[in-house]
2 protein chains.
Amino acid sequence: MIKRLDSRSPLSEADKLALLSVQHSVRKVPAGAHLVRDGEPPEQCALLLSGYAYRYKITGEGARQIVSLHMAGEFVDLQNSFLQVSDHSVQTLTEADVAFVPMQAIREITLSNPSIARALWVDTLVDSSIFREWVVNVGRRDSRTRVAHILCEFSLRLEAAGLAKDHRYELPMTQEQLADAVGLTSVHVNRVLRQLGEEGLISRDRRSITIEDWQRLREAGDFNERYLHHDFVAAARN
Amino acid sequence: MIKRLDSRSPLSEADKLALLSVQHSVRKVPAGAHLVRDGEPPEQCALLLSGYAYRYKITGEGARQIVSLHMAGEFVDLQNSFLQVSDHSVQTLTEADVAFVPMQAIREITLSNPSIARALWVDTLVDSSIFREWVVNVGRRDSRTRVAHILCEFSLRLEAAGLAKDHRYELPMTQEQLADAVGLTSVHVNRVLRQLGEEGLISRDRRSITIEDWQRLREAGDFNERYLHHDFVAAARN
DNA sequence: CGTAACTTTGATTAGTATCAAAAATGGTGG
DNA sequence: CCACCATTTTTGATACTAATCAAAGTTACG
């Protein structure tokens, strides 16, 4: 986690020590547990040490839209950190090890340590960039492109997190959850996945995805990784 | 602008003075001008003093998705402030007065002044919350609900900015732009607007919108203003 | 093993897009 | 102030994508 922050907004050794010594408690949380609930005040900030989680909102009609997916090393709750009431829920997708940090500790360290504040802020800005791309994905791409796009995104993010390689990864989501992330029905996602398989772009085995032809899937998904901001260190120059 | 920041994350008088004295240049910018271009490094941070602007991205197919709308008093470019390359473009919707602040100045003041950093950060977190809601809007709501929802959002945001009252406002967007914000075609947006009018929920005159029945439009749009975080001051308790 | 959750397939429908064109509006120069 | 042109709004007809409904397979798990 620290490595990730550092890569985008450099921290001194002292900063890293300060981060490591922030008060927190680690707990193992089962799959399907809520880390944050829509409408409740955020009191702890959860950092995923292992496992997966997703943010979602429910419409008045009862439909669910997943608005982001998070994996080991990511903060799941900085988004709510300085707001009074959570505007969405966060739920684990798998069993997960979670470090809970009291909001108060986050508030204190960010006031006393501007470099850390900066690094956390940058982290939330990257989240925002992904939200924007999801608006586009869901708003302006057809079903095949949408699904291909999200498969590309997951592949790169998991590789960056060291959870995948060679364009092969475990995706611990049901097709229904995938559907809720791309704004389609699970039935349709199923058909699209089959089609992508038939075209030789991907292959699947249970929950594992192998991208057989990265270049073509990238094109099919209208995917450009720039929005992930994986390689940049703007703040490096101060 | 300062008032807005202060309301969500309190600033001392000294902070306010510091903000006011940040180096900047004010320019009048014509409608349709780009403030940020996708793919270019952000060098200045634009603060809208008057007028409107929107962020957008273009898909490989050439379709446009507007990902947010900004009005007087809002920062248009904090989102890119610490990232190396912009992942989207920002264009003015109307003629606008814009204060340009060099990124360097933002970086310096946020390192030296944690309260200001906090306030700006909170501002970007609220932006994120709106992005999330847009993902839901575009991903899981039908056309009528989507349009009603965005009309509600604009009404509250404009009122909060002092640009509207009594649920009546000027919306300087064409129906095509509105369509690009809700992920529909302009033809369909036109039909939905007509329908909302026939149902007595809104009325229109040129670009001005009057919400004739707030309660019913709110229901029609599955609208809950919580995600706008207009009334909260979490950081107040530090 | 038995059962619930998930995936897959098929048939039909609904909602939006697309295409086309007419009407209205707004701005410009004469 | 008017005539003209470009842009925007409106309407209609048709096509297509993805939703819905239903049910059969398959997988995971206690």
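Quick note: numbers below take in every heavy atom, side chains included, and nothing from hydrogens, waters or symmetry partners. Letters A, B, ... mirror the listed sequences (proteins, then strands); counts begin at 1. Predicted model only: the values in this text are computed from it and were never measured.
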Q. Do the side chains of A:Tyr54 and A:Ser68 get nearer than 4.5 Å, heavy atoms only?
A.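 No, too far: nothing below the 4.5 Å cut-off.
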
**Q.** Salt bridge present between A:Lys57 and A:Asp38 (N-O < 4.0 angstrom)
**A.**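 Salt bridge absent between A:Lys57 and A:Asp38.
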
Q: Considering only NZ, NE, NH1 and NH2 on the basic side and carboxylate oxygens on the acidic side, decide whether B:Arg141 and B:Glu133 come within less than 4.0 Å.
A: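 A salt bridge links B:Arg141 with B:Glu133.
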
Q. For A:Gln195, does the CD atom have more than 12 heavy-atom neighbours from other residues, nucleotides or ligands under 6.0 Å away?
A.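 Check passes, neighbour count above 12.
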
Q.
Quick check on B:Glu198: does its CD atom have over 12 non-hydrogen neighbours (other residues, nucleotides or ligands) under 6.0 Å away?
A.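 Yes, CD of B:Glu198 has more than 12 neighbouring heavy atoms, counting only those of other groups under 6.0 Å.
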
Q.
Taking B:Gly51's backbone N and O only, do any of them form a donor-acceptor pair with B:Thr94's side chain (distance below 3.5 Å, no angle check)?
A.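 Checked: no pair found.
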
Q: Please lay out, stage by stage, how A:Leu184 and A:Arg146 fare under the test side chain to side chain contact (heavy atoms under 4.5 Å, CB included).
A: CA-CA 9 Å; A:Leu184 297 168; A:Arg146 266 186 231 188; 3.7 Å; yes

Q.
Please verify the inter-ring angle class for B:His149 with B:Phe223; under 30° counts as parallel, over 60° as perpendicular, anything in between as tilted.
A.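 It falls in the perpendicular class, over 60°.
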
Q: Look at the side-chain N and O atoms of A:Thr185 and state whether any lies under 4.0 Å from the OP1 or OP2 oxygen of D:dA18.
A: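 Looking at the OP1 and OP2 atoms of D:dA18, neither is under 4.0 Å from any side-chain N or O of A:Thr185.
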
Q. If you walk 5' to 3' along DNA chain C, what is the first nucleotide with an atom under 4.0 Å of a heavy atom in chain B, and what is the last?
A.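 Answer, 5' to 3': C:dT16 to C:dG26.
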
Q: Could you check B:Met71, B:Glu170, B:Lys165 and say which one makes a side chain to side chain contact (heavy atoms under 4.5 Å, CB included) with B:Leu158?
A: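 Exactly one option meets the side chain to side chain contact (heavy atoms under 4.5 Å, CB included) with B:Leu158, and it is B:Met71.
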
(Q) Once rounded to the nearest 0.5 Å, what's the spacing between atom OG of B:Ser128 and atom CG of A:Leu83? (A)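 One finds 9.0 Å between OG of B:Ser128 and CG of A:Leu83.
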
Q: Give the B/S/- string for nucleotides 8-13 of chain D, one per nucleotide from 5' to 3', where a protein heavy atom under 4.0 Å of the base yields B, of only the sugar-phosphate yields S, and otherwise -.
A: SSBBBB

Q: Starting from the 5' end of DNA chain C, give me the residue, A:Arg140 or A:Gln177, whose nearest nucleotide shows up first.
A: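 In this pair, the answer is A:Gln177.
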
Q.
Any residue in residues 141-151 of chain B with a heavy atom nearer than 4.0 angstrom to DNA chain C? Just list them by number, or reply none.
A.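 Going residue by residue through residues 141-151 of chain B, the ones with a heavy atom under 4.0 Å of DNA chain C turn out to be B:Asp142, B:Ser143.
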
